[in-house]
Peer 1: 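Once you've had a glance at the structure underneath, I'll fire off some questions.
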Amino acid sequence: MLSTRPESASEAPVPLTRLDFAQADLLEELMGAVREVAERGAFTLGEPVEAFEREFAAYCESEHAVGVSSGTEALVLALRALEIGPGDEVIVPTNSFIATAEAVSLVGATPRLVDVDEDSHLITAEILERSLGPNVRCVIPVHLFGQTVEMDQIVTLAHEAGVHVVEDACQAHGARYRGQRVGTFGAFGCFSFYPTKNLGAWGDGGAVVTGVPELAERVRLLRAHGEQPRYRHRIVGTTARLHAIQAAVLRPKLARLDGWNDDRRRVGEKLRALVGDGLSDAGCDGAIEIASAPAEHGDHVYHLFVVRRENRDGLREHLSRQGIASAVHYPTPIHLTEAYAELGLASGSLPVSERLAERMCSLPLYPAMSEAEVERVACAVIEFAQDRRP
């Protein structure tokens, strides 16, 4: 039980996450990898990208991986490869980063925004079933914050309806569902390597994985002007290649990813237990809610650790005064953004996601987080609940 604030409360601030510069040995290795690319003078595709693609496909236990310029482009090119476009609808949870819906819009299709489960924050088969319609050609389940969607029921339902599944695994690198890596349940799995991800580059980057060679080849064409071989343009593509420098940075980090994810799980489960037990011991059950634990056959790689509180801003101010960072992911559901006002989904139309957006708060979590830092965060959260107890 945590009864008092630990002595570490007066120490250095606790950040939301830590980037590569905080690990001297890793930074040195990554600088060496970048230097090798610079000395070779080949920055676009080439062996560093091909090697990373082979290694990432093997890591995901998939046949093919194709490196692209961002997680958004991964989604866009996956949809284009499936020939989804104008007149088609794609089911997208509104409780996600806007890129999930943007990808649908960028191929000329219409995002059919749907609500999520209040405890897990994720789309479910029941929600999907209610949302199917004659124009729906695809569903994009999002493994949000590192927690896995229950994929078996969704895949079965989508298959019966003749609907493609494209997984948005941009926050769930390395997670498993029923022992299988996420990103391998549908036609495509899409990943982002934005610097703060569990597997992060030194800039934007992404990848798609697929078990279908024809789909992988189509994405390879689409990412590079439809060109194969040089100056033979087979289809209209774009510039969406993964840069060699980013691939060089990602390769050493990929080798560490499972260990980092194990650390994230350890920290996440410790924080979950300390906050939950501490609130109970203090007589503050329910004052601050923690997003549900993974389903029986699911996983959580804790890209983010999210709690819910009615007075979310008050909690964040309390944490800030104690030198503890926090964030909000995401303050406005996609359907209420200006970008998607034309869909006509007014406030109250997707109520669960709207409530979550008003209450969610992300607490610090990163692989190298110390026991003292975890306890410090938990104590601060419990202290806030106690101070506001009726």
Side-chain angles (χ1 to χ4, degrees), residues 71-72 74-76 78-79 84 88-133 135-151 153-154 157-158 161 163-172 182 186 189-190 192 194 289 291-292 295 303-304 306-310 312 327-362:
T72 306
L75 290 162
V76 169
L79 293 172
I84 291 170
D88 298 329
E89 293 182 346
V90 179
I91 293 174
V92 173
T94 193
N95 182 43
S96 181
F97 184 54
I98 197 169
T100 315
E102 277 180 325
V104 178
S105 299
L106 288 169
V107 301
T110 300
R112 189 178 181 91
L113 296 170
V114 301
D115 221 336
V116 296
D117 175 75
E118 189 150 20
D119 290 329
S120 70
H121 305 177
L122 306 174
I123 191 173
T124 65
E126 291 76 16
I127 294 169
L128 172 60
E129 188 169 24
R130 293 197 302 267
S131 308
L132 290 170
N135 295 323
V136 172
R137 287 201 57 217
C138 184
V139 57
I140 305 181
V142 181
H143 302 288
L144 195 67
F145 305 149
Q147 183 164 340
T148 54
V149 175
E150 293 195 59
M151 290 300 301
Q153 300 170 46
I154 284 180
L157 185 59
V163 169
H164 293 295
V165 175
V166 172
E167 290 174 79
D168 183 336
C170 291
Q171 298 185 4
V182 298
C190 300
S192 165
Y194 187 75
E289 300 171 337
S292 65
H303 173 59
L304 295 170
V306 175
V307 297
R308 302 188 294 262
R309 167 71 188 189
E310 205 69 47
R312 186 248 321 275
V328 176
H329 301 85
Y330 302 97
T332 306
I334 296 172
H335 69 285
L336 295 183
T337 62
E338 294 175 65
Y340 285 101
E342 63 183 30
L343 295 180
L345 294 170
S347 179
S349 58
L350 299 174
V352 172
S353 295
E354 293 171 29
R355 285 196 302 273
L356 291 174
E358 293 173 349
R359 302 173 65 218
M360 288 191 296
C361 174
S362 300

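Remember, predicted model here, so these are calculated numbers, not experimental data.
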Peer 1: So, Asp168 versus Thr100: side-chain donor-acceptor pair below 3.5 Å or not?
Peer 2: yes
Peer 1: For residues Ala172 and His143, report the shortest heavy-atom separation together with the two atoms involved.
Peer 2: CB-CB, 3.6 Å
Peer 1: Side-chain contact, heavy-atom cut-off 4.5 Å: Val92 with Leu113?
Peer 2: yes
Peer 1: Counting heavy atoms not belonging to Tyr340, are there more than 12 under 6.0 Å from its OH?
Peer 2: yes
Peer 1: Are Val76 and Val107 close enough that some pair of their side-chain heavy atoms sits under 4.5 Å apart?
Peer 2: yes
Peer 1: Among Glu358, Glu118, His121, which residue satisfies the side-chain hydrogen bond (donor to acceptor under 3.5 Å, both in side chains) criterion with Arg308?
Peer 2: His121
Peer 1: Between Ser362 and Phe145, is there a side-chain heavy-atom distance shorter than 4.5 Å?
Peer 2: no
Peer 1: For the CG atom of Leu106 and the OG1 atom of Thr72, what is their distance to the nearest 0.5 Å?
Peer 2: 8.0 Å
Peer 1: Which heavy atom in Gln153 sits nearest to a heavy atom in Ala125, and how many Å separate them?
Peer 2: CB-CB, 3.6 Å
Peer 1: So does Asp119 get a backbone contact from the side chain of Ser292, meaning a donor-acceptor N/O pair under 3.5 Å?
Peer 2: yes
Peer 1: If I compare all heavy atoms of Ile154 with all of Pro141, which pair ends up nearest, and what's the gap?
Peer 2: CG2-CG, 4.2 Å
Peer 1: State, with a plain yes or no, whether a side-chain heavy atom of Asp115 is found less than 4.5 Å away from one of Pro351.
Peer 2: yes
Peer 1: Report yes or no: does Arg312 contribute a side-chain atom to a donor-acceptor pair with the main-chain N or O of Ala357 at less than 3.5 Å?
Peer 2: yes
Peer 1: What is the minimum heavy-atom distance between Gly186 and Glu167, and which atoms define it?
Peer 2: N-OE2, 3.4 Å
Peer 1: Return the minimal non-hydrogen interatomic distance between Ile334 and Pro93, and the atom names on each side.
Peer 2: CD1-O, 3.9 Å
Peer 1: Test of understanding: with side-chain hydrogen bond (donor to acceptor under 3.5 Å, both in side chains), list the residues that count as partners of Glu150, not counting sequence neighbours.
Peer 2: none
Peer 1: Does some side-chain heavy atom of Leu79 sit less than 4.5 Å from a side-chain heavy atom of Cys138?
Peer 2: yes
Peer 1: Please name the pair of heavy atoms, one in Ser353 and one in Asn95, separated by the smallest distance, quoted to 0.1 Å.
Peer 2: OG-CB, 3.6 Å
Peer 1: Taking the side chain as everything from C-beta on, heavy atoms only, tell me whether Thr94 gets closer than 4.5 Å to Leu345.
Peer 2: no
Peer 1: What I'd like to find out is whether the side chain of Val165 reaches to under 4.5 Å of the side chain of Val139, using heavy atoms alone.
Peer 2: yes
Peer 1: Counting only N and O atoms by type, is there a donor-acceptor contact under 3.5 Å from the side chain of Arg112 to the main-chain atoms of Ser131?
Peer 2: yes
Peer 1: Are Val166 and Cys190 packed together at the side-chain level, in the sense that at least one heavy-atom pair is separated by less than 4.5 angstrom?
Peer 2: yes
Peer 1: With sequence neighbours excluded, what pairs up with Ser349 under the side-chain hydrogen bond (donor to acceptor under 3.5 Å, both in side chains) test?
Peer 2: none
